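What follows is a short report on a single structure.
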Amino acid sequence: MSRLFAPTLREVPAEAEVISHQYLLRAGYIRKTAAGIYSYLPLGWRVLRKIEQVVREEMDRAGGQEVLLPALQPAEIWQESGRWDVYGKELFRLKDRHERDFCLGPTHEEIITDLVRREISSYRDLPKRLYQIQTKARDEIRPRLGLIRCREFIMKDLYSFDRDQAGLEESYQAMYRAYERIFRRLGLRFKVVEADTGAIGGKDSHEFMVLADTGEGVIVYCEACDYAANVERAAAGEVASDFQEPAEEMQAVPTPGRHSVEEVTAYLGVTAKRLVKTLIYRAVYRDREEPVAVLVRGDRDVNETKLKNALDALFVELADAGLVERVTGAPVGFAGPVGLRGVRILADLEVPRVVNAVVGGNKADLHLVNVNYGRDYQAEAVLDLRNAAAGDPCPRCGAPLKLTRGIEVGHIFKLGTKYSEALGATYLGEDGQEHYIVMGSYGIGIPRTMAAAVEQNHDADGIIWPFPIAPYHVIIVPVNYDVPEQQDLAESLYRELTAAGVETIIDDRDERAGVKFKDADLMGFPLRITVGPRALKEGKVELRRRADGSVLLLERAEVVARVKSEIAAGYPEVEDENTGADVGVR
RNA sequence: CGGGGCGUGGCGCAGUUUGGUAGCGCACAUGGUUUGGGACCAUGGGGUCGUAGGUUCGAAUCCUAUCGCCCCGACCA
């Protein structure tokens, strides 16, 4: 430890907001090089390698073969798939000395599909599952939260190549199971959720979310059945309407200066449910753009992913004040569906059920009350456009849904033939016909997984590593290293544990005990052996568990056996679904 | 990109309003006293105040430009 390059910090660097970032910096695991770009110091790199190793074992077990693809990629292949334009500013682009375009790989569908289309020609060559663990580069709009959103990060990405949909199904299930095993083996609490497919493309997709309050992802789940989805994707059904009264006559009401939902409801003395919000969006397509009016209940939020998908647009964004005025003829805050012309109107499922609604009057300082769907206004389509909320009925079983947060550490996609068609990756089938290879893609963010583990496992003193990813299982702390008796005992224990295959580190620094204890806690080693005068009086040593602070007084002779049993107990059991045998422990 | 905040020894900050020769705590070095939960005393080293330009007798401080970092939104492992 006196030689270890792990500079610890007493104070929290000002730039670090979230716990994982703070502790990984303070405990000397990482250092920042630039925004979203990190160096991994020895302890951090040990943790990453442990995570990688579990991932590697499970990928191999699930039929994966490890390769290494180039990080530096020629533009041509990206132009061929069409993503050179579509991927946008997130792609790190550069030129070589001959002015030829290149990019740094943010993901490898293009490269691997190019490789496979050249080498695979027969159904006999399929299926194939190829993966790599490699550094990716993405020029993120906003890197943040330390390792959770980086511009450069290590990713495991596997690509499956199958003959048909049934084959893809099999690959997908194999990966699904492998991912569950990985995160279980790493000792993390996680949920698998249905997800939107985003820029990678494809049909079905699941995200593996490590549960943590600091997570960027909002998860909707049901305790009654096992439905779980991220909020972008989660179906928000119709909630039974509690509006029973008869429709009344529509009226205009002046609402001077009241433009937010809060202001209008407070001014008119109605609940937010009674309001129908009209939001003007700008929908951008490949060749054009148009404004769209979206109606949701006042207490709901528009789900832009659902909106984008419903419109089949490249992206949608809230219109600026100028566009709102051009579309509605009124300043922001007074848009309404009644009499709105020249713009598509989409309504969320709940909107038609709002009886005697309050809506904007399309005129400054004016709202309309007692507005009713069908009679006073109409939408071009009524569909699910809002975020699911806590208490909504589960789309599968109807029980009330719950919300939680998580960090997306893994994501699996059924790509189908999107890339094989774009790049012409075909094989000759048994039937003598050419077919497109059916693909899937499966990613795990390795540093993000490390950060997620810290988010989930820490206390006020520092990190509490789960055994499977701790950089060392045991730290030996001689209280007074300059006392020969302690030094000798500590060193002999170190040699013995190391010889027994236990990953051990010894704090041989000339520091006071308090400093060593603080650093050991901060760094998060799951077990600490304290060699000091107190226990030594009885000829014993202390074994302390980081997780709960409990201490065992041990005879010197029983230390190794006890440490080994503690470690064994710290590795989650993961059943082998074929043999039922426990596998993967150490 | 829009909105907010911040750049002063390795880390955390004060000083900027009202220009006047750069300071505190931690860390680091040396000596001494200490020694089971971030010790104490003494001494010491280290900063072109993000960068460039300007105003001024004089700029960390005022002006202009620029770069970087953090937070909130659209993206994603």
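Proteins come first, then strands; the chains are lettered A, B, ... in the order of their sequence lines, and each starts at number 1. On a predicted model such as this, the values are computed, not experimentally measured, just so you know.
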[atom1] atoms of [N] and [M], separation to the nearest Å:
{"N": "G50(B)", "M": "U61(B)", "atom1": "C1'", "value": "16 Å"}
{"N": "C13(B)", "M": "U55(B)", "atom1": "P", "value": "35 Å"}
{"N": "C62(B)", "M": "G46(B)", "atom1": "P", "value": "29 Å"}
{"N": "C63(B)", "M": "C6(B)", "atom1": "P", "value": "14 Å"}
{"N": "U17(B)", "M": "A60(B)", "atom1": "P", "value": "12 Å"}
{"N": "G38(B)", "M": "U21(B)", "atom1": "P", "value": "40 Å"}
{"N": "C11(B)", "M": "U48(B)", "atom1": "P", "value": "14 Å"}
{"N": "C49(B)", "M": "G20(B)", "atom1": "P", "value": "15 Å"}

**Strand partner of U34(B), provided both Watson-Crick or wobble distances fall under 3.5 Å** = none
**Message:** Can you tell me the base-pairing partner of C6(B)? Count Watson-Crick or G-U wobble geometry only, both distances below 3.5 Å, and say none if there is no partner.
**Reply:** G68(B)
**Request:** For residues Y38(A) and G146(A), report the shortest heavy-atom separation together with the two atoms involved.
**Result:** OH-CA, 3.5 Å
**Asked** Looking at G410(A) and Y179(A), what are the two nearest heavy atoms and their distance?
**Response** CA-CE2, 4.1 Å
So for [X] and [N], does any side-chain atom that can act as donor or acceptor lie under 3.5 Å from a complementary atom in the base?
{"X": "R528(A)", "N": "G36(B)", "answer": "no"}
{"X": "E15(A)", "N": "G7(B)", "answer": "no"}
{"X": "R448(A)", "N": "C76(B)", "answer": "yes"}
{"X": "R149(A)", "N": "G73(B)", "answer": "no"}
{"X": "E511(A)", "N": "G38(B)", "answer": "no"}
{"X": "D521(A)", "N": "G37(B)", "answer": "yes"}

Take the protein atom [atom1] of [X] and the nucleotide atom [atom2] of [N], then report the distance between them rounded to whole Å.
{"X": "Y442(A)", "N": "A77(B)", "atom1": "OH", "atom2": "P", "value": "14 Å"}
{"X": "L318(A)", "N": "G2(B)", "atom1": "CG", "atom2": "C1'", "value": "13 Å"}
{"X": "R282(A)", "N": "G2(B)", "atom1": "CZ", "atom2": "P", "value": "14 Å"}
{"X": "K89(A)", "N": "C75(B)", "atom1": "NZ", "atom2": "P", "value": "10 Å"}
{"X": "L522(A)", "N": "C26(B)", "atom1": "CG", "atom2": "C1'", "value": "15 Å"}
{"X": "D510(A)", "N": "U30(B)", "atom1": "CG", "atom2": "P", "value": "11 Å"}

**Request:** For R31(A), report the nucleic acid contact type (base, sugar-phosphate, nothing); a contact means any heavy atom under 4.0 Å.
**Result:** nothing
**Asked** Looking across every strand, which nucleic acid part, if any, lies under 4.0 Å from T530(A) by heavy atom: base, sugar-phosphate, or nothing?
**Response** base
Side chain of [X] only, please: which of [options] is the nearest?
{"X": "E17(A)", "options": "G12(B), C71(B), G38(B)", "value": "C71(B)"}
{"X": "R151(A)", "options": "A39(B), C69(B), A77(B)", "value": "C69(B)"}
{"X": "K32(A)", "options": "A77(B), U35(B), C69(B)", "value": "C69(B)"}
{"X": "I141(A)", "options": "C1(B), G12(B), A77(B)", "value": "C1(B)"}
{"X": "N480(A)", "options": "C26(B), C13(B), U35(B)", "value": "U35(B)"}
{"X": "E216(A)", "options": "G38(B), C75(B), C13(B)", "value": "C75(B)"}
{"X": "R512(A)", "options": "C69(B), A77(B), U35(B)", "value": "U35(B)"}

**Prompt:** Mind checking whether Y442(A) and Y172(A) have parallel, tilted or perpendicular rings, split at 30° and 60°?
**Reply:** tilted
**Whether R509(A) side chain and M1(A) backbone form a donor-acceptor pair below 3.5 Å** = no
**Message:** Ring centres within less than 5.5 Å and planes less than 30° apart: is that true of F517(A) and G36(B) in this structure?
**Reply:** no
